[in-house]
Protein chains: 2
Amino acid sequence: MVDTPGLAAEWLNCLQDSGYKLTRTRRVLVELLASSTRAYGPIELYDAARERCPGLGLVTVYRTLEKLEELSLVQRLHQPDGCHRYLRATQGHQHVMVCSGCGEVEVFSGDNLEPLFHRLADQTGYSIEQHWLQLFGLCPACQAAERQAEA
Amino acid sequence: MVDTPGLAAEWLNCLQDSGYKLTRTRRVLVELLASSTRAYGPIELYDAARERCPGLGLVTVYRTLEKLEELSLVQRLHQPDGCHRYLRATQGHQHVMVCSGCGEVEVFSGDNLEPLFHRLADQTGYSIEQHWLQLFGLCPACQAAERQAEA
DNA sequence: TCATAAAATGAAAACGATTTTCATTTGCAA
DNA sequence: TTGCAAATGAAAATCGTTTTCATTTTATGA
Ligand SMILES: [Mn+2]
Ligand SMILES: [Mn+2]
Ligand SMILES: [Zn+2]
Ligand SMILES: [Zn+2]
């Protein structure tokens, strides 16, 4: 479990320690991301944040996400449609299952892939820079919603 | 190992069996993709194909890739930069390590992830629609080229 | 071989997520 | 306070990809 209230404060400190300034907008965006298990799309985050920051521009959302990712506070998820979602990175890089409907995320572990990756690097000479293990599907709620829509 | 010459012919049959017509352009694109272990970006494929089809349009490359993917003859790879590459799918869906420099691909297996996926689906109620396991890095040749560039 | 309808093609325009530019505002250290 | 770097929003630009549309090809079968 994650200490959500403390987490936002940590992130703000982290931003400040890195030479970034604290603004009303950043506080709101950080609060939203740090307190949610969902992966937000930029527009979703924009809409949520505008309830508290009416004049907010979408650009600022992108710029803030960029900084949070740079600081490894959020993890960018790539989706089959090519768009992105952003998820709080409470344990660094995570392997996830994402709901294509609502962006809800299940973080999982139990895959023991490191040995495989090392063996691959050894045998092929590749230098591995990053890896993705992501599942895509529908959460129970979105499955139900889909059944509704069909009927 | 893959019977490359026969593979292109198989793909052309597959296209024809699906109601698509055979054109000079398709033969060339199929030949390029079926005979390579590389994952091509659309522009790379376009450039390679234009050597034999000078008037070729980039749209046609996209349209052909779309059909080949639909028939599971190629697999679309997503890259960190958001762009795509297309790899011949000789064994259906594959787990791969891609060189970010040249698109060379190492297909690998030996990860036994199915049980994990089933357990996740059971425990969370998610319906899993697809999954990605992809590594990104540099092949030995591109590592060497990078060292050259630095020096 | 020829006629035909469906499919394929390329040029140009449209799309849409993301990024850049630029003039203005804001945070914060001195 | 002051001064300056950083942050912001509006508008324009990017760029990979898709759509539109008029024209050309392909497969079929009379
Ligand atoms: Mn990992
Ligand atoms: Mn797989
Ligand atoms: Zn959902
Ligand atoms: Zn390479």
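The chains referred to below are lettered A, B, ... by the order of the sequence lines, with proteins before strands, and numbering in each begins at 1.
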Please report the distance, rounded to the nearest Å, between CG in B:Leu45 and P in D:dT17. 12 Å
Atom CZ of B:Arg24 and atom C1' of D:dA27: how far apart are they, to the nearest Å? 19 Å
Report yes if a side-chain nitrogen or oxygen of A:His84 is closer than 4.0 Å to either non-bridging phosphate oxygen (OP1 or OP2) of C:dT18; otherwise report no. yes
Assess the side chains of B:Glu66 and B:Tyr86: does a donor N or O sit below 3.5 Å from an acceptor N or O? no
Quickly work out the A:Leu15 CG to C:dT26 C1' distance and round it to whole Å. 16 Å
Take the protein atom CG of B:Leu56 and the nucleotide atom P of D:dT24, then report the distance between them rounded to whole Å. 18 Å
By nearest heavy atom, map B:Leu22 and A:Tyr20 onto DNA chain D; which one lands nearer the 5' end? A:Tyr20
Atom pairs, N/O to N/O, protein against nucleotides 18-23 of chain D, distance under 3.5 Å?
residue, atom, partner, partner atom, Å
D:dT20, O4, B:Arg63, NH1, 3.4

Aromatic ring pairing A:Phe117/A:His131, orientation class (parallel under 30°, perpendicular over 60°, tilted between): tilted
With a cut-off of less than 4.0 Å, is there a side-chain N or O of A:Gln16 near OP1 or OP2 of C:dC28? yes
For the pair made of OH in B:Tyr40 and P in D:dG16, what is the distance, rounded to whole Å? 19 Å
Hey, does the side chain of B:Ser18 reach the backbone of B:Tyr20 with a donor-acceptor pair shorter than 3.5 angstrom? no
Is the shortest side-chain N/O distance from B:Thr23 to OP1 or OP2 of C:dA7 below 4.0 Å? no
Donor-acceptor side-chain pairing of B:Gln79 and B:Ser100 below 3.5 angstrom: no
Side-chain donor or acceptor of A:Gln75 paired with backbone N/O of A:Arg88 under 3.5 Å: no
Pairwise salt bridge (charged side-chain N to carboxylate O under 4.0 Å, His left out) hits with a residue in residues 44-61 of chain B, at least two apart: B:Arg38-B:Glu44, B:Glu44-B:Arg85, B:Asp47-B:Arg50
Selected nucleotide, minimal atom distance to A:Lys21 side chain, candidates D:dA6, C:dA17, C:dT9: D:dA6
Can you measure A:Glu70 atom CD to C:dT19 atom P for me and round it to whole angstrom units? 13 Å
Using a 4.0 Å heavy-atom cut-off across all strands, classify B:Ile43 as base, sugar-phosphate, or nothing. nothing
Base, sugar-phosphate, or nothing: which does A:Gly82 touch, judged by heavy atoms less than 4.0 Å apart? nothing
Distance below 4.0 Å between A:Thr60 side-chain N/O and D:dA7 OP1 or OP2: no
Would you find a donor on one side and an acceptor on the other, under 3.5 Å apart, between the side chain of A:Thr64 and the backbone of A:Thr60? yes
So does B:Arg26 get a side-chain nitrogen or oxygen closer than 4.0 Å to the phosphate oxygens (OP1/OP2) of C:dT9? yes
Determine the contact category for A:Gln79: base if any of its heavy atoms lies under 4.0 Å from a base atom, sugar-phosphate if only primed atoms, P, OP1 or OP2 are that close, otherwise nothing. nothing
Integer-rounded Å distance: C:dA8 P and B:Arg27 CZ: 13 Å
Is it the case that one hydrophobic cluster holds both A:Leu56 and A:Val59, taking links as side-chain heavy atoms less than 4.5 Å apart, direct or via other members? no
In whole Å, I'd like the distance from the NE2 atom of A:His78 to the P atom of C:dA17. 16 Å
